[in-house]
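In what follows, a single structure is set out as structure tokens and then discussed.
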Amino acid sequence: MQGSTIDSAKTVLNYHHTAEATAAHHEEHPDLRIFGLIVFLFAEGMIFMGLFIAYLTFRLMAPSWPPEGTERLELLLPGINTAILISSSFVIHQADSAIKKNNVSGLRLWFAATTVMGAIFLAGQLYEYFHLGFGLKTNIFASTFFVLTGFHGLHVTFGLLLMMAVLWRSLKKDHYNSEHHFGVEAAEIYWHFVDVVWIVLFLLLYIL
Amino acid sequence: MTQAQLQEAANLPSHGTEPPQRKWRDYFTFNTDHKVIAIQYLVTGFIFYLIGGALATVIRTELATPEPDLVDPEFYNSLFTLHGTIMIFLWIIPAGVGGFANFLLPLMIGARDMAFPRLNAVAFWIVPPAGLLLMASFLVGPPQAGWTSYPPLSLIASQAGEAIWILSLLLLGTSSILGAINFFVTILKMRVPGMGFNQMPLFCWAMLATTGLVIIATPVLAGALILLAFDLIAGTAFFNPTGGGDPVVYQHMFWFYSHPAVYIMVMPFFGVISEVIPVHSRKPIFGYRAIAYSSLAISFLGLIVWAHHMFTSGTPAWLRMFFMITTMVIAVPTGIKVFSWLATMWGGKIRLNSAMLFAMGFISTFVVGGLTGVMVAAVPFDIHVHDTYFVVAHLHYVLFGGSVFGIYSGLYHWFPKMTGRMLNETWGRIHFALTYIGFNLTFMPMHELGLLGMPRRVAMYDPSFTSLNRLCTLGSYVLAVSTIPFLVNAVWSWMYGPKASDNPWQALTLEWMTTSPPAIENFEVLPVLATGPYDYGYGDRSSEVNVPFSEAKDPVLSAGPSSVLRAEPDPAVAAHPDDRVGESQNRE
Ligand SMILES: [Cu+2]
């Protein structure tokens with residue numbers, strides 16, 4: 001095949017030798033991190049899905065639900081807590097809009113607000129734990145209640161740590177700007193995930 | 001110019017100087033290079049394979065006589081529990097999924113590395129501690145409840161060992177999920193320009209289907225293990241009927257993962273076989289799309305068949321019918337693959353080297369495992385053979401005859417690329433002969449033992465089963481010995497074997513278009529697809545150049561108006577359809 005049009009000498013791209021390429025190698029691929037995070041949260045959601053379905057199965061098999069003698073769940077405090085958590089999702093979105101306009105102090109303000117709201121939620125959850133009329137081993141309802149809310153609470157705690165890490169990093173000048181703010185976006189997406197899981201959890205445990 | 005030469009000419013592999021080599025120390029560090037991580041996975045997995053194999057040898061020695069005279073029955077329980085756990089979670093999944101996918105995916109799709117190299121290294125470095133943790137359970141009384149760990153059994157016997165087992169599995173599951181996220185994103189987003197889904201090598205398709213399963217199913221196992229840990233440690237009653245729980249819920253959650261886990265363990269090797277067979281048959285793969293899409297079908301069906309493991313767990317009759325039918329339907333996409341591989345070999349110029357022998361061995365043994373799979377899917381038959389040696393035989397024909405033969409086939413095929421050295425062919429064939437004979441001798445008689453009603457997981461058995469058991473034990477010794485030629489061959493060849501050329505098998509996929517072993521960032525320049533991945537046996541018949549016309553941003557790769565690929569349109573390989581003379585033979 002003489003005179004082939006594919007001459008490898010000509011197809012050489014100089015990409016490899018640019019400083020950008022060398023620096024990029026040992027980093028995570030910047031454009032793909034959000035996609036990777038979403039896939040990870042999907043997997044995380046599957047754990048919750050498994051636990052939810054286990055909960056529903058226990059519930060369907062039980063003669064009465066919650067089992068006889070279980071103290072009814074109070075709705076006021078968890079209701080307020082739910083409202084706080086859901087509104088915090090809108091608050092954290094303000095941070096995203098702020099950083100897209102290069103407004104770092106706005107980012108800090110909204111992240112701090114979200115962190116406080118998340119902390120209030122956790123505190124309310126703990127308060128509820130100590131004032132419930134049942135413990136982990138009281139019956140199957142109590143056990144699933146504690147494991148589900150506890151596992152979710154763990155995710156809230158991790159979200160708080162994420163947000164505090166972003167706050168810490170935002171102190172460094174120009175760490176986040178309108179172009180580069182993966183940390184901000186990741187924390188926001190994660191927080192929305194925690195929020196959506198809570199809504200399902202709240203409906204399953206308290207309302208249904 | 002053959003297709004292989006055409007592909008090689010389009011991709012200059014090395015830069016003249018020696019490629020930067022890895023030092024042996026790199027393999028013991030937190031390294032983000034996917035090729036280093038791949039070898040770390042493979043070697044770690046193989047070490048655990050030897051441990052799991054040693055346990056199996058003790059099990060078979062115990063079963064050489066009907067009385068439990070070698071080890072006490074309690075310890076026997078631990079032996080088969082750890083044998084199963086190690087082979088599945090520390091050998092086939094890390095070596096098969098982690099090892100091969102890590103090495104091959106970026107090379108096959110022309111990427112420099114994985115999408116998330118550091119995450120990749122983290123995923124690997126979870127495995128050795130988790131494995132050591134599991135081994136440490138020997139110090140506190142190892143778990144005895146089998147690799148399925150059904151409650152209430154798992155909540156009663158050797159609880160400390162059971163807790164370690166749960167923790168170890170949670171770690172390994174996390175590692176598996178993190179690895180899968182990486183592979184999934186890499187396959188979807190990192191392909192070289194011009195490689196659409198239907199130009200991907202079939203191994204990439206197989207891994208796409210496998211990682212999908214890992215991401216969907218593994219988390220559910222984590223959920224089950226969390227609940228089991230609460231029952232075990234905190235004394236809750238999720239799986240205890242006296243407290244309102246139900247052990248069957250555990251079984252559902254467990255098998256929702258562990259049935260797909262069979263495909264997680266065997267589908268990567270469907271991919272490996274789909275690469276090995278066309279290369280060594282010198283023929284295009286038969287039914288590219290059929291093989292590719294049937295992987296996706298297997299993934300989907302694999303998620304809705306789990307309760308076929310629970311026909312005797314009080315599953316209602318109508319539900320058993322559903323799971324029986326869906327299970328049998330899986331034979332269809334699997335059969336499509338098997339017949340496609342056979343049709344690929346049919347009339348090919350077959351090179352009977354070690355890789356090809358193991359690939360053919362894979363097909364022959366996996367078909368047996370597949371057929372017994374359809375048998376145990378039938379409810380009445382399953383109720384008869386449930387928990388007998390028939391199931392043990394079926395499982396090993398799938399996971400040894402399938403996965404392990406696949407691992408060996410892949411190792412013989414890619415060893416030159418991984419290490420830059422050729423394996424010794426004679427010893428490879430001896431290895432194959434011993435493995436094939438030993439394997440069938442060990443597991444074929446178990447079918448009959450199961451049909452006669454010998455229960456599994458018991459250290460003693462009725463003396464009337466003795467002669468068949470002796471045969472199995474004899475086979476297991478042959479199987480154990482068969483590992484030695486491989487081990488010696490691999491170690492010796494890695495150090496002193498003849499140097500491998502860049503493309504010793506005249507293959508077309510991109511991993512062969514770089515040096516052996518590949519340079520640290522794989523390719524000096526972005527590779528170009530001059531041929532399809534399986535255009536073997538076309539001699540000097542040429543095909544289209546597989547780069548997108550005009551729409552890609554890069555003028556060099558896009559074959560747009562200013563592309564070097566269009567400078568002098570050669571009628572044989574012109575990128576633009578109008579300049580091309582003659583029809584391409586290979587594309588659907
Ligand atoms: Cu199954």
Side-chain angles (χ1 to χ4, degrees), chain A residues 1-17 21-22 24-33 35-40 42-55 57-59 61-63 65 67 136-144 146-147 150-151, chain B residues 1 6 9-12 32 112-113 115-119 177 181-182 184-185 188-190 215-220 222-224 226-227 230 234-238 243-246 249 252-253 256 521 524-526 528 530 540 542 545 554 556-557 564-570 572-575:
Chain A
M1 200 191 65
Q2 296 87 359
S4 161
T5 48
I6 304 166
D7 183 345
S8 45
K10 289 186 205 160
T11 56
V12 168
L13 281 178
N14 277 324
Y15 173 78
H16 181 65
H17 301 291
T22 326
H25 174 66
H26 293 287
E27 289 293 311
E28 311 295 17
H29 207 289
D31 316 330
L32 302 178
R33 286 181 297 190
F35 182 49
L37 176 71
I38 290 171
V39 179
F40 172 76
F42 178 81
E44 206 64 9
M46 283 305 295
I47 304 188
F48 279 106
M49 189 75 90
L51 294 176
F52 289 158
I53 291 175
Y55 169 83
T57 314
F58 292 137
R59 178 175 181 145
M61 285 183 319
W65 194 265
L136 175 66
K137 290 197 278 180
T138 306
N139 56 36
I140 183 83
F141 168 74
S143 303
T144 40
F146 276 109
V147 167
F151 195 52
Chain B
M1 208 181 207
L6 187 69
N11 295 282
L12 262 197
T32 55
R112 284 169 201 286
D113 207 317
F116 313 117
R118 271 180 300 181
L119 183 70
I177 292 171
I181 292 171
N182 219 336
F184 188 72
V185 175
L188 288 184
K189 300 283 189 183
M190 306 269 287
I215 291 164
I216 293 172
T218 315
V220 178
I226 290 169
L227 295 183
F230 269 95
T236 51
F238 293 114
D246 189 348
V249 173
H252 277 293
M253 293 176 87
F256 182 80
E521 294 206 330
E524 179 154 13
V525 296
L526 272 180
V528 179
D540 51 3
S542 51
V545 176
D554 193 314
V556 176
L557 290 162
V564 290
L565 295 172
R566 279 175 52 78
E568 279 175 302
D570 180 305
V573 291

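Any value given below was found using the heavy atoms of this structure, including those in side chains, with hydrogens, waters and symmetry copies removed. In the text below, chain A, chain B and the rest are named by the order of the sequence lines, each starting its count at 1. All of these numbers come straight from a predicted model, not from anything done at the bench.
Using a 4.5 Å cut-off between heavy atoms, B:Val249 contacts chain A through its side chain alone, with no backbone atom that close. Neither the backbone nor the side chain of A:Phe48 comes within contact range of chain B; no heavy atom of the residue lies under 4.5 Å from a heavy atom of that chain. In this structure, chain B has no heavy atom under 4.5 Å from any part of A:Thr138. Within the 4.5 angstrom heavy-atom criterion, atoms from both the backbone and the side chain of B:Ile216 approach chain A. Both the backbone and the side chain of B:Phe238 come within contact range of chain A, each with at least one heavy atom under 4.5 Å from a heavy atom of that chain. When heavy atoms are compared at a cutoff of 4.5 Å, A:Thr57 approaches chain B solely by way of its side chain, counted from C-beta outward. With a 4.5 angstrom heavy-atom cutoff, A:Val147 touches chain B only via side-chain atoms.
Annotation for A:Gly36 and B:Val185: closest pair CA-CG2, 3.9 Å, computed over non-hydrogen atoms. The two atoms that bring A:Gly50 and B:Met253 nearest to each other are O-CE, 3.6 Å, heavy atoms only. Across B:Thr236 and A:Ser143, no two heavy atoms sit closer than the pair CG2-OG, 3.7 Å. Considering all non-hydrogen atoms of both residues, B:Phe116 and A:Leu32 come closest at CZ-O, 3.3 Å. Nearest heavy-atom pair, B:Ala237 versus A:Ile140, reported as atom, atom and distance to 0.1 Å: O-CD1, 3.7 Å. Across all non-hydrogen atoms, the minimal contact from A:Leu136 to B:Ala234 is CD2-CB, 3.9 Å.
In this view, A:Phe35 satisfies the ring pair (Phe, Tyr, Trp, His ring centres under 6.0 Å) rule with no residue, not counting sequence neighbours. Taking the ring pair (Phe, Tyr, Trp, His ring centres under 6.0 Å) definition, one finds that A:Phe40 meets it with nothing, sequence neighbours left out.
Annotation: A:Met61, atom CE; neighbour count of heavy atoms from other residues, nucleotides and ligands within 6.0 Å is above 12.
From A:Leu37, atom CG reaches atom CD1 of B:Ile181 across 9.0 Å, with rounding to the nearest 0.5 Å. With rounding to the nearest 0.5 Å, the separation of CE in A:Met46 from CZ in B:Phe256 is 4.5 Å. With values rounded to the nearest 0.5 angstrom, B:Leu227 atom CG is found 5.5 Å from A:Leu51 atom CG.
Contact count against chain A (heavy-atom pairs under 4.5 Å) is highest for B:Ile215 among B:Asn182, B:Ile215, B:Ile177.
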